[in-house]
Amino acid sequence: MTGTAPSELRSRMMRAVRSKNTTPELKLRRLLHRAGFRFRLHRKDLPGSPDLAFPSRKAVIFVHGCFWHGHDCKRGARAPKSNADYWRAKIARNVERDGRSLDGLQAAGWRAATVWECELKDADAVLARVTLFLGGSPMRKVQNFGDDRNKGSCVHCGGPNETVDHAPSVVLLDAPLPPDLPTSPSCAACNQGFSNDEAYLACLLECVVAGSADPAKIGREKIAALIRRRPSLAAELAALRREEGGRIAFSFDRQRVENVIVKLARCHVAYEINEPRTDEPDSVWFTPLEAMTEVQRQEFEDGGDDLAVWPEVGSRAMQRLLIVDDDAFGEGWLDVQPGRYRFRTSVDDGLRVRMVIRGYLACEVRWD
Ligand SMILES: [Zn+2]
Ligand SMILES: [Zn+2]
């Protein structure tokens, strides 16, 4: 600590106090996620912006650092060496604010629990306690969610539940299909509309990868057969191809590609996070993976949570994050079929779905 100006130290520690996505929090999130629990993060509309919220259970969890929130334990009792009065006052204010948050939550009908940093040394014990607090293991509930999700209304337009949509669409995958492909309720009109655009996108990507619209040159046999069966589609695809300065390029209908990407994202948020969103997303973005810079690629693959509030690089917390918690970046990618489709959902202040289609097209859809 010597050599650090008090003001600089203070602002660094202030940030540490306020930060979301701290190491203990990430640890608990991963523990609960693996156990099958699903939750929202840092809900600003609830008193104290609880770290984890379980809306269907009307329950929240705070993850507190022992020192900063005055836990009655060894770490919590540690006395700061310098500026002791300042820190004592600061911690007292935190404790007071925590109390007010708990009161506010209770008044609003929410149950709240605090998980302390020191408790996380015994992961099994924490999981047992939290499971009890939340009213039981999620496994049965996940099953029920699954049933409910498939009984609901069309995830795209809120219309009638007439059929199911697969996410990812079957046309994007090859046989044998992975078991238990997630499905979401859909109305017949949406389902039909999407299957045309999905076939369009699947074919377009094969043509781009092959550099040709000729079925004989297409890699995926299923798509080659589809193009052969549909001469009008074959003609449409052939018309997209052009040569530009010795390079082969395909122009395409951006709207049709976006339709598919948003459809997939809607299915994923409805199924994975139980958050059906029929409203328009705040952003839709896609680009070939190979067109990304290394930094963009890294951010796309690993950028899980709010990077802006992470500890500074080189700080001890950051080292722990990188060394002990090597998979600290959110909940990770789900590889539905290698080289065909992978995706990742994250929930923070908003919902975000990232997808890679055909190992080629990187996509992101956000609802803020
Ligand atoms: Zn403690
Ligand atoms: Zn619909």
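Read the numbers this way: they start at 1 and go in the same order the structure lists the ligands and their atoms.
A cation-pi contact links Arg256 to Tyr200, judged by a cut-off of 6.0 Å to the six-membered ring centre and 45° from its axis. Cation-pi check for Arg111 over Phe133 is met; the charged atom lies under 6.0 angstrom from the ring centroid and within 45 degrees of its normal.
Rounding to 10°, one obtains 120° for the angle at the Zn ion (ligand 2) between SG (Cys187) and SG (Cys154). For the pair SG of Cys157 and SG of Cys190, the angle at the Zn ion (ligand 2) is about 110°; rounding is to 10 degrees. Put simply, the angle at the Zn ion (ligand 1) from SG in Cys73 to SG in Cys118 is close to 120°, to the nearest 10°.
Distances from the Zn ion (ligand 1) to each N, O or S atom of His71 single out ND1 as the nearest.
One side chain, Asp98 or His69, offers a donor N or O that lies under 3.5 Å from an acceptor on the other.
A donor-acceptor pair under 3.5 Å is formed between the side chain of Arg344 and the backbone N or O of Glu301. Without hydrogens or angle criteria, Arg277 side chain to Val155 main chain gives no donor-acceptor distance under 3.5 Å.
The Zn ion (ligand 2) does not have His156 among its coordinating residues (no N/O/S atom, backbone or side chain, under 2.8 Å).
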